[in-house]
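Please read the structure below before turning to the comments.
Atoms within each ligand, like the ligands themselves, are counted from 1 in listed order.
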Amino acid sequence: MAYPIDAMREAALRALDEVRSSESLVAWRVAHLGRHSPLMNFLGDLGSRPVAERPAAGSAANQAKQALEAALSVKEEALRLQELEHALASEKLDLTLPGRPPQRGRLHPSSQVLRRILAIWAEMGFQVYRSREVESDEYNFQLLNFPPHHPARDMQDTFYTTRAGVILRTHTSPGQVRVMRERCPEPIRVVLPGMCFRYEQVTARAEAQFYQVEGLAVGVGITLANLKATLADFARRMFGASVRVRFRADYFPFTEPSAEMDIECFICGGSGCPVCKRSGWLEILGAGMVHPTVLSNGGYDPRRYSGFAFGMGPERIAMLRHGITDIRAFWANDPRFLEQF
Ligand code: FA5
């Protein structure tokens, strides 16, 4: 006897043939084996059939159910393989493609120049001495022989804090007195690198924060000749063995006499170019013999001891070396600038 069950099974198997994806397979399962599918409804209604028909109808429906479940798992496996093959083909890994190299970090150009400068002074027997960035007015100015009316103490130049007498150092020179007070009466050969702060109009040449490297030598019998020879030696190590230097008289309250050192322009070789403003010379640092008042503030008797000091700006030196025209690039954090060093 033919039951509608045969037609249901045939219809379900035909529909299964048409299934091409796992999503439509889920829909097929709901439609043909789900709780409200014709087959399940048929099984649910068995009780309402005449008793004599029930065994045959029940067994036909169960066979149909098993046949559909078996067909479903065959289809499932076929689809799984098919989708895997598709994924393997379309997501194929091309091992011959060049990799993406990781971006390597590097030292900031200021740090590079700073390290070069410190390495040279280390070769020449100078130790690095770290001094504080937040200073007192006393160390930054008074002990360095700045008279009370000196314009560098003006609000234009100094960052004051809300604590009376506490400022951000405007130069590394206050470290001179700190190291002298710590080492007295030993001889001193130190360089003091670090950040300085000035309440400046920020321009292409002047920043509100910048590095300085200070140098200090104190001992018995140190003369201006030692200062000149040592700084000239530094210039040769830094800028090349043939570089010429010159000293010009200058004024700093904490050195006497005071000078500025220029090197012959390494861009034009001294003939004059835009970098050296046609002068043939580039200003590199300020220097001088430590003022007797500063020596005694540091604990050294100026009748017995003498010394020389100098201060240079690594950013300005980096600008000269690399032809950088705007000092603001150093702290703008633009990778296009930083990557070049
Ligand atoms: C001084 O600060 C002295 N303390 C240097 C010194 C030390 C002289 C020891 C004698 C003995 P000056 O103000 O010229 O001097 O600054 C020294 C260097 O710091 C400058 O040549 C420059 O390279 C750098 N510098 C100063 N102001 C700025 C600024 N606003 N931006 C960038 N660099 C600066």
Side-chain angles (χ1 to χ4, degrees), residues 109-110 113-114 117 121 126 129 131 133 135 139-141 143-146 150-154 156-159 167-180 188 190-218 222 224 226-228 230-231 234-235 238 247-263 281-295 297-298 306-321 324-332:
S110 292
V113 185
L114 208 55
I117 293 171
W121 286 110
F126 284 69
Y129 185 92
S131 190
E133 292 177 356
E135 260 299 356
Y139 276 87
N140 198 80
F141 296 123
L143 294 171
L144 291 174
N145 199 34
F146 278 81
H150 194 279
R153 305 180 64 141
D154 198 300
Q156 294 299 307
D157 291 312
T158 306
F159 285 113
I167 63 167
L168 301 186
R169 69 174 171 192
T170 58
H171 54 170
T172 41
S173 302
Q176 286 188 27
V177 184
R178 293 199 178 272
V179 68
M180 280 195 267
I188 296 174
V190 291
V191 277
L192 307 99
M195 195 55 90
C196 303
F197 309 86
R198 289 187 195 175
Y199 186 51
E200 295 256 26
Q201 173 77 47
V202 174
T203 65
R205 265 185 72 72
E207 255 292 0
Q209 69 171 73
F210 51 91
Y211 278 110
Q212 278 191 350
V213 177
E214 186 93 5
L216 177 68
V218 177
I222 294 181
L224 187 65
N226 297 131
L227 176 154
K228 290 182 71 175
T230 309
L231 288 176
F234 166 77
M238 183 81 194
F247 290 84
R248 285 180 290 112
D250 198 0
Y251 171 76
F252 297 102
F254 37 91
T255 47
E256 181 58 37
S258 304
E260 287 205 305
M261 185 175 84
D262 298 341
I263 59 167
W281 296 94
L282 299 167
E283 180 195 317
I284 290 299
L285 52 83
M289 298 305 291
V290 181
H291 195 285
T293 304
V294 177
L295 278 175
N297 287 340
S306 57
F308 64 79
F310 55 88
M312 64 186 90
E315 280 94 14
R316 293 262 176 88
I317 292 177
M319 288 172 80
L320 295 174
R321 280 192 86 104
I324 300 164
T325 50
D326 195 327
I327 198 169
R328 288 168 288 201
F330 284 92
W331 307 116

For Glu214, check salt bridge (Lys or Arg N to Asp or Glu O under 4.0 Å) against everything at least two apart and list the hits.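 Partners of Glu214 by the salt bridge (Lys or Arg N to Asp or Glu O under 4.0 Å) criterion come out as none, since no residue qualifies.
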Can you name the residues that form a salt bridge (Lys or Arg N to Asp or Glu O under 4.0 Å) with Arg328, not counting sequence neighbours?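 Applying salt bridge (Lys or Arg N to Asp or Glu O under 4.0 Å) to Arg328 gives Asp326.
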Write none if no such pair exists; otherwise list each N/O atom of ligand 1 with its protein N/O partner under 3.5 Å and the distance.
from	atom 1	to	atom 2	distance (Å)
ligand 1	2 (O)	Arg198	NH2	3.0
ligand 1	2 (O)	Gln212	NE2	3.0
ligand 1	4 (N)	His171	ND1	2.9
ligand 1	4 (N)	Ser173	OG	2.8
ligand 1	13 (O)	Arg198	NH1	3.0
ligand 1	13 (O)	Arg198	NH2	3.0
ligand 1	16 (O)	Gln212	NE2	3.2
ligand 1	19 (O)	Gln212	NE2	3.1
ligand 1	23 (O)	Gly313	N	3.3
ligand 1	27 (N)	Arg198	NH1	3.4
ligand 1	30 (N)	Glu200	OE2	2.9
ligand 1	30 (N)	Glu207	N	3.4
ligand 1	30 (N)	Glu207	O	2.9
ligand 1	31 (N)	Glu207	N	3.0

Mind checking what makes side chain to side chain contact (heavy atoms under 4.5 Å, CB included) contact with Ala318, not counting sequence neighbours?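 Partners of Ala318 under the side chain to side chain contact (heavy atoms under 4.5 Å, CB included) test: Val113, His322, Phe330.
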Can you confirm whether Arg248 is buried at CZ, in the sense that more than 12 heavy atoms of other residues, nucleotides or ligands lie under 6.0 Å from that atom?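 It does: Arg248 CZ has more than 12 such atoms within range.
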Do Arg178 and Glu135 meet the salt-bridge criterion of a basic N to acidic O distance under 4.0 Å?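 The answer is yes: the pair qualifies as a salt bridge.
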Ring pair (Phe, Tyr, Trp, His ring centres under 6.0 Å) between Phe252 and His171, worked out: CA-CA 12 Å; Phe252 297 102; His171 54 170; 8.8 Å; no
